Protein chains: 2
Amino acid sequence: MAAEMPTPPGHRPRKAAPARQPLSRDLIVATAVRVLDAEGLEAVSMRRVAQELGTGPASLYAHVSGKEELRELMLDHVAGEVRLPEAGAADWQELLKELAREIRRVYTSHGDIAKVSMGLIPTGPNLLAIAEAQLALMLDGGVPPKIAGLAVDTLGMFLDADAVEDTIYTAKRSPGEDPWESFRVHFEEIRQYFRALPVDRYPRITGMVDELTGGSGDDRFEFGLDILIRGIASYVPASGTA
Amino acid sequence: MAAEMPTPPGHRPRKAAPARQPLSRDLIVATAVRVLDAEGLEAVSMRRVAQELGTGPASLYAHVSGKEELRELMLDHVAGEVRLPEAGAADWQELLKELAREIRRVYTSHGDIAKVSMGLIPTGPNLLAIAEAQLALMLDGGVPPKIAGLAVDTLGMFLDADAVEDTIYTAKRSPGEDPWESFRVHFEEIRQYFRALPVDRYPRITGMVDELTGGSGDDRFEFGLDILIRGIASYVPASGTA
DNA sequence: ACCTGAACACCGTTCAAGT
DNA sequence: ACCTGAACACCGTTCAAGT
């Protein structure tokens, strides 16, 4: 309409509060994690994060190469919450288990984030620090380097899979429902379904519904963790006295 | 435009070849798996599958409740390719390993399908048949029922995580490239990155780049599988003679 | 009962234009 | 250098209408 005018002296144009804080990688990642915590990984879209920051989706591309990179940055951001063990504080096997439990705690407290980790070579500083700590514990415990290398991978796979498994129990809640109650109902449905299966085709499954559905997530985690750590420890060469 | 007319006798309306075959659940699922094999799980959208069938996305909803159900049906469809072991053909531990390798073979031959399995309670007939076979091997081998129940879960987690991990190595190919060569290049980049990390912060990682990146996917799989099966076997009570 | 077109409310990413 | 609006080429799902 009107031709362009110079801004009058003393007037700063500041058109209707653009973004409260200037955009930055960190701010974008922190905002994305907030959305993740509140509504899960599915809800974290470029558009949603931009909206939360009071801007449009195109603005994010100046700080982040795309959605994939944003997801990886979110994962590493969250990995920064993991408290690493002080070496020598206890038996290496117990410390490695403690670290695994700590990772589980952090992952499961951030929705679906473990899905991002699944099949990703860790490159962020915090993820690398965790791998470094795991390697330190194993190498100091006498695990051969090659085994320790494989074990970091296998342990990571286990932790990712467990965290993803965990979220299906907690995340199936529709918002506004009692999450415990809807979980119990959903679980009871599964048990009924298993019991209703044809016995001749699935004799073991129908015969052990309680064993198959009884174990809590913690039981499953501790069972797998124990097996893994014992397996790793079995590669430690017998010490001097043998 | 023109008012409605009755169809003249002898004239079948058959307007321009609607769908070559009549729509059905099976046809939809088989088509979806074809898209999965050719272009990966991401490419399997309701619209894409409908297009492949010469119809619109809304037509699928008469046979399938939505995308989530379609994905689960795809997984079970694929699980039908797994050849189950004949009990008694060999040592239960070796048979269980063979079954795991067979599942791995089938999963990795169907793109990203393992992502669907991740954190899903198996309910389809083929998935249940696999669980039944695993339980049969373990129970016949003397594994206590409660342990066998946990082990089915843990084994499933391992297989899912491994298959997802595998696809990142094979699926990062841009179409039209030599997949082997682009894989080698990508992998060499990772090694360079690890070597370039600050040695004081990551002494173990930088000191064992070869051990961390050397192992092939098969090494990792066999390592994890061996540990798991040995761990499960350790719960078999000592037999009579002890 | 099955199928359809059109619409609704979303996506990720690009790009020319602005400051 | 950073930010933006608008556009492009997609999504899943619903619903009234058709046969």
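Sequence lines set the chain letters: A, B, ... in the order given, protein chains first and strands last, and positions in each chain run from 1. Hydrogens, waters and symmetry mates are skipped; everything else that's a heavy atom, side chains included, is used. Being a predicted model, the structure only gives us computed values, none of them experimental.
- The nearest whole Å value for the distance from the CG atom in A:Leu60 to the C1' atom in C:dC11 is 14 Å.
- The B:Ala58 side chain lies nearest to C:dG5 when the options are C:dC15, C:dG5, C:dG12.
- C:dC10 and D:dA9 have their P atoms separated by 22 Å, with the value rounded to a whole Å.
- Comparing B:Met46 and A:Pro57, the nucleotide of DNA chain D nearest to each residue sits closer to the 5' end for A:Pro57.
- OP1 or OP2 of C:dT4 lies within a sub-4.0 Å distance of a side-chain N or O belonging to B:Thr55.
- Atom NE2 of A:His63 and atom C1' of D:dT4 are 13 Å apart (whole Å).
- Atom CZ in A:Arg47 sits roughly 11 Å away from atom C1' in D:dC11 (whole-Å rounding).
- Put simply, CD on A:Glu69 is 14 Å from C1' on C:dT13, counting in whole angstrom units.
- Going from atom CZ of B:Arg48 over to atom C1' of C:dC11 covers 18 Å, rounded to whole Å.
- Taking a cutoff of 4.0 Å between a charged side-chain nitrogen and a carboxylate oxygen, B:Glu211 and B:Arg204 do not qualify as a salt bridge.
- Looking at which nucleotide of DNA chain D each of B:Val44 and A:Gly56 is closest to, the 5′-most match is held by A:Gly56.
- Within 4.0 Å (heavy atoms only), B:Ser59 reaches at least one base atom of the nucleic acid.
- Between A:Arg48 and A:Glu52 there is a salt bridge, since at least one side-chain N of the basic residue sits less than 4.0 Å from a carboxylate O of the acidic one.
- C:dT4 is paired with D:dA16 under the Watson-Crick or G-U wobble criterion, all donor-acceptor distances under 3.5 Å.
- To the nearest angstrom, P of C:dG12 lies 14 Å from CD1 of A:Ile28.
- Among the nucleotides D:dC15, C:dG12, D:dG12, the one closest to any side-chain atom of B:Tyr61 is D:dG12.
- In this structure, B:Glu42 atom CD and D:dG12 atom P are separated by 11 Å, rounded to whole Å.
- With a cut-off of 3.5 Å on both Watson-Crick or G-U wobble distances, the partner of C:dC11 is given as none.
- Straight-line distance from the CG atom of A:Leu70 to the P atom of C:dG12: 10 Å, rounded to whole Å.
- The pair A:Glu81-A:Arg105 fails the salt-bridge criterion, with no side-chain N (NZ, NE, NH1 or NH2) lying under 4.0 Å from an Asp/Glu carboxylate O.
- Within the 4.5 Å cutoff, the side chain of B:Tyr107 has heavy atoms near those of the B:Asp160 side chain.
- At a threshold of 4.0 Å, the pair B:Arg71-B:Asp112 does not count as salt-bridged, since none of the basic side-chain nitrogens sits closer than that to a carboxylate oxygen.
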